[in-house]
> 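Got a structure here, written out as structure tokens. Questions coming.
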Amino acid sequence: MKTLALDIGLKRIGVALCVNKSIVMPLEAIIRKNRNKAAREVQEHIKEYEIDTLVVGIPLGGASEDEMRKRVEHFVALLEFDKEVFYVDESFSSKGAQELGVANLRKKDGKLDSLAAYLFLKDFYGLA
């Protein structure tokens, strides 16, 4: 069983992979030029890794929750994925990624976003 986590932002999409509900790893983030190109890149990951489940972060709480939920759900609808999709609270996952103390994290390269996806994917499966 393989799960792909997506931390969907307006400029970058953080991506993480989980194998057999036990091994979790961040992947290279997708830099968004436009939503259709980004959706194609996610689709390539789904096919390449033979994904069974998507776990998608949505920031809960705050003034922009409804707007972000709509944007995230619209993006997921662009994917040709007919298996399980779970939406999880990704609030504070980027802050948690920063607190990991990994050197050379720059916001623009997407590494922070993929680490955030990694953290909420680990939390989804209850992995320490």
Side-chain angles (χ1 to χ4, degrees):
M1 176 174 193
K2 294 179 185 172
T3 303
L4 195 69
L6 302 174
D7 181 12
I8 301 170
L10 300 177
K11 296 182 181 180
R12 293 167 299 281
I13 300 173
V15 184
L17 175 69
C18 181
V19 179
N20 296 327
K21 299 182 183 179
S22 61
I23 301 168
V24 182
M25 64 197 96
L27 301 177
E28 187 173 330
I30 295 169
I31 307 301
R32 288 183 67 161
K33 304 271 190 248
N34 65 61
R35 67 177 158 241
N36 292 323
K37 184 177 183 307
R40 283 192 301 272
E41 290 183 48
V42 171
Q43 198 68 48
E44 289 171 12
H45 284 323
I46 290 170
K47 185 177 179 183
E48 176 183 354
Y49 294 109
E50 300 173 342
I51 298 302
D52 303 300
T53 306
L54 286 179
V55 175
V56 182
I58 294 182
L60 299 180
S64 64
E65 177 183 342
D66 288 337
E67 179 64 26
M68 285 306 295
R69 176 180 291 278
K70 287 177 189 173
R71 287 176 183 255
V72 167
E73 289 175 346
H74 174 75
F75 183 84
V76 171
L78 295 174
L79 303 174
E80 295 174 16
F81 191 76
D82 60 356
K83 299 177 183 174
E84 287 189 299
V85 178
F86 294 94
Y87 294 94
V88 299
D89 183 10
E90 60 112 42
S91 301
F92 308 110
S93 59
S94 292
K95 184 176 183 190
Q98 287 175 322
E99 291 173 356
L100 289 175
V102 177
N104 298 325
L105 280 182
R106 294 185 351 236
K107 191 160 179 76
K108 292 184 179 182
D109 67 7
K111 289 180 183 174
L112 187 64
D113 302 280
S114 287
L115 280 176
Y118 162 83
L119 289 175
F120 69 70
L121 185 55
K122 280 181 60 172
D123 187 53
F124 180 78
Y125 282 117
L127 302 171

> Using modelled atom types and a 3.5 Å cut-off, is there a donor and acceptor pairing between side-chain atoms of Glu90 and backbone atoms of Ala116?
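Pair absent, no side-chain N/O of Glu90 close to backbone of Ala116.
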
> Is it the case that one hydrophobic cluster holds both Leu78 and Ile31, taking links as side-chain heavy atoms less than 4.5 Å apart, direct or via other members?
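In one cluster: no.
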
> Taking all non-hydrogen atoms of both residues, which atom of Val55 and which atom of Phe120 are closest, and how far apart?
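Residues Val55 and Phe120, closest heavy atoms: O-CE1, 3.8 Å.
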
> Quick check for you: to the nearest 0.5 Å, what is the distance between Asp113 atom CG and Lys11 atom NZ?
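With rounding to 0.5 Å, CG (Asp113) is 11.5 Å from NZ (Lys11).
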
> Taking side-chain contact (heavy atoms from CB on, under 4.5 Å) as the definition, give me every residue that meets it alongside Ala38, ordered by chain and number, with sequence neighbours left out.
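Ala38 satisfies side-chain contact (heavy atoms from CB on, under 4.5 Å) with Ile13, Ile30, Arg32, Phe75 once adjacent residues are dropped.
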
> Do any pairs count as a salt bridge (Lys or Arg N to Asp or Glu O under 4.0 Å) and have a residue in residues 39-52, sequence neighbours left out, and if so which ones?
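Listed by first then second residue: Lys37-Glu41.
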
> Walk me through whether Tyr125 and Val24 qualify under side-chain contact (heavy atoms from CB on, under 4.5 Å).
CA-CA 10 Å; Tyr125 282 117; Val24 182; 5.5 Å; no

> How long is the straight-line distance from CG of Leu54 back to CD1 of Ile46, given to the nearest 0.5 Å?
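It comes to 5.0 Å.
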
> State, to 0.1 Å, how close Pro26 and Ser114 come at their nearest heavy-atom pair, and which atoms those are.
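Closest pair (atom of Pro26, atom of Ser114, distance): CB-O, 3.8 Å.
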
> Could you tell me which residues satisfy side-chain hydrogen bond (donor to acceptor under 3.5 Å, both in side chains) with Tyr49, sequence neighbours excluded, listed by chain and number?
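Tyr49: no side-chain hydrogen bond (donor to acceptor under 3.5 Å, both in side chains) contacts found.
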
> Check the pair Ile51 / Leu17 against side-chain contact (heavy atoms from CB on, under 4.5 Å), numbers first and verdict last.
CA-CA 9 Å; Ile51 298 302; Leu17 175 69; 3.7 Å; yes

> State the CD1-CE distance between Ile8 and Met68, to the nearest 0.5 angstrom.
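The CD1 atom of Ile8 sits 8.5 Å away from the CE atom of Met68.
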
> Any chance you could lay out the side-chain contact (heavy atoms from CB on, under 4.5 Å) test for Leu6 and Val72, step after step, and finish with the verdict?
CA-CA 10 Å; Leu6 302 174; Val72 167; over 6 Å; no

> Just to verify, what does Thr53 make a side-chain hydrogen bond (donor to acceptor under 3.5 Å, both in side chains) with, not counting sequence neighbours?
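If we apply the side-chain hydrogen bond (donor to acceptor under 3.5 Å, both in side chains) test to Thr53, skipping adjacent residues, there are no hits.
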
> Answer yes if Leu60 and Leu10 sit in the same cluster of Ile, Leu, Val, Met, Phe, Trp and Tyr residues linked by side chain heavy atoms under 4.5 Å apart, and no otherwise.
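They do not share one cluster, since no chain of ILVMFWY contacts under 4.5 Å joins Leu60 to Leu10.
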
> Applying side-chain contact (heavy atoms from CB on, under 4.5 Å), can you list everything that pairs with Ala16, at least two apart in sequence or on another chain?
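If we apply the side-chain contact (heavy atoms from CB on, under 4.5 Å) test to Ala16, skipping adjacent residues, the hits are Ala5, Ala117, Tyr118, Leu121.
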
> Using the rule given for side-chain contact (heavy atoms from CB on, under 4.5 Å), can you reason through Val88 versus Asp123, listing the C-alpha separation, both sets of side-chain angles and the distance that settles it, and then say yes or no?
CA-CA 10 Å; Val88 299; Asp123 187 53; over 6 Å; no

> Considering residues at least two apart in sequence or located in another chain, which fulfil the ring-ring contact (aromatic ring centres under 6.0 Å, His included) criterion with Phe86?
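With neighbours one apart ignored, the set is Phe124.
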
> Only counting residues at least two apart or in another chain, list the ones meeting salt bridge (Lys or Arg N to Asp or Glu O under 4.0 Å) with Glu28.
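Not a single residue meets the salt bridge (Lys or Arg N to Asp or Glu O under 4.0 Å) criterion with Glu28.
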
> Backbone N or O of Asn36 within a donor-acceptor pair of the Asn34 side chain at under 3.5 Å?
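At least one qualifying donor-acceptor pair exists.
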
> What's the separation between atom CD1 in Ile58 and atom CG in Asp7, rounded to the nearest 0.5 Å?
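One gets 11.0 Å once the value is rounded to the nearest 0.5 Å.
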
> Could you pull out all residues at least two apart from Arg71 that satisfy salt bridge (Lys or Arg N to Asp or Glu O under 4.0 Å)?
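Salt bridge (Lys or Arg N to Asp or Glu O under 4.0 Å) list for Arg71, sorted by chain: Glu67.
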
> About how many Å separate CZ of Arg69 and OH of Tyr87, when rounded to the nearest 0.5 Å?
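Tyr87 atom OH to Arg69 atom CZ measures 8.5 Å (nearest 0.5 Å).
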
> For the CE atom of Met1 and the NZ atom of Lys21, what is their distance to the nearest 0.5 Å?
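If we round to the nearest 0.5 Å, Met1:CE and Lys21:NZ are 4.5 Å apart.
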
